[in-house]
Amino acid sequence: MSKDLLKCSKLNKWYGNLHALKNVDLEINKGEVIGLIGDNGAGKSTLIKIICGVHGLDNGEIYFEGHKVNIKNPKMAMDLGIETIHQYNTMFQEMSIARNVFIGREPVKFGLSSLSILNEKKMNLESMKAIKDVGLDLRSPHIPVKELSGGERQGVAIARSMYFKSKMLILDEPTNHLSVKETLKVLEYVQSLKSIGIGSIFISHNLYHVHEIADRIVGMARGEKVCDMPKEDTTVNELIKLIG
Ligand SMILES: Nc1ncnc2c1ncn2[C@@H]1O[C@H](COP(=O)(O)OP(=O)(O)OP(=O)(O)O)[C@@H](O)[C@H]1O
Ligand SMILES: [Mg+2]
């Protein structure tokens with residue numbers, strides 16, 4: 001069995017005339033944390049949006065666990081085991097914690113009329129359990145997400161990925177607007193994923209955070225990959241010079 005979880009080969013993406021990704025290769029092994037860095041507009045979010053099915057690919061190939069895949073939409077990525085926490089939190093603010101945990105995967109039970117209705121009870125119980133498992137203490141599954149703090153929202157998103165036993169977690173600027181304490185918690189979560197074999201991509205402008213938790217650091221500039229190296233081979237100061 002190969003250690004490879006994800007392998008991207010020569011990915012290209014255009015937004016109209018803008019060549020946003022230029023022949024980008026990326027490999028992630030099971031249990032590996034990739035720190036993805038680069039200036040504003042370098043193409044980081046574009047790259048991960050292709051992997052998680054938000055954007056289509058213009059050309060290139062993606063292999064997941066050794067098989068060539070064509071990820072056409074976010075549901076397909078989720079079904080493969082790729083979970084994403086986006087830069088701009090995409091949770092549904094008006095909906096409850098429970099609904100957000102199960103979004104897109106609601107357990108259904110069939111009534112006499114054969115109409116499927118959401119199995120609310122299961123969602124409530126299971127979402128609270130998932131949240132507890134990531135060390136968050138939220139009082140009720142019914143609270144709308146808009147009433148949570150930034151860190152709590154990230155916690156709900158992480159709980160979702162743990163509950164559905166994702167194989168890969170992508171975090172695009174997950175610590176933006178978080179307190180020091182909340183940030184440490186997110187970094188701890190990502191670290192803990194390594195031991196259970198989940199691979200992750202961690203995008204951040206905070207090079208100290210990236211250097212602390214990444215096994216490998218991938219740098220991008222103007223749509224191209226400009227470096228890919230084990231963390232041990234570089235320092236935060238070198239990364240600042242490279243990107244800053
Ligand atoms: N939906 C879109 N339509 C058109 N252009 C886009 C779109 N999304 C991104 N771009 C452009 O593509 C380039 C790469 O953007 P991207 O969001 O991938 O950068 P990024 O590395 O994530 O930057 P940041 O660190 O600011 O989040 C930028 O020039 C951006 O303006
Ligand atoms: Mg971005």
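Ligands are counted one by one from 1 in listed order, and the atoms in each one are counted from 1 as well.
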Does an N or O from [X], backbone or side chain, lie closer than 3.5 Å to an N or O of ligand 1?
{"X": "His55", "value": "no"}
{"X": "Glu173", "value": "no"}
{"X": "Gly41", "value": "yes"}
{"X": "Ala20", "value": "no"}
{"X": "Leu18", "value": "no"}

If we ignore hydrogens and angles and just use 3.5 Å, is the side chain of [X] paired with the main-chain N or O of [Y] as donor and acceptor?
{"X": "Glu126", "Y": "Met123", "value": "no"}
{"X": "Lys68", "Y": "Tyr63", "value": "no"}
{"X": "Asn100", "Y": "Ser96", "value": "yes"}

4.5 Å side-chain heavy-atom contact, Ile82 and Met76: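 Heavy-atom side-chain distance check fails, nothing below 4.5 Å.
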Does a side-chain heavy-atom distance below 4.5 Å link Gln191 with Tyr189?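 No, side chains not in contact.
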His209/Phe202 aromatic ring centres below 6.0 Å: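 Judged by ring-centre distance (under 6.0 Å), His209 and Phe202 do not meet the cut-off.
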For atom 15 (O) of ligand 1, state which one of Thr46, Ile37, Asp39 supplies the nearest heavy atom.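 Minimum heavy-atom distance to atom 15 (O) of ligand 1 goes to Thr46.
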Any N/O/S atom, backbone or side chain, of Ser45 lying under 2.8 Å from the Mg ion (ligand 2)?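 Yes, within the cut-off.
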What's the shortest heavy-atom distance between Val236 and Leu207, and which atoms?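 The answer is CG2-O, 4.1 Å.
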Which of the atoms of ligand 1 are close to Gly43, meaning less than 4.0 Å from one of its heavy atoms?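 Within the 4.0 Å cut-off of Gly43, ligand 1 contributes 14 (C), 18 (O), 19 (O), 20 (P), 21 (O).
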Any His205 heavy atom less than 4.0 Å from ligand 1: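 Heavy atoms of His205 do come under 4.0 Å of ligand 1.
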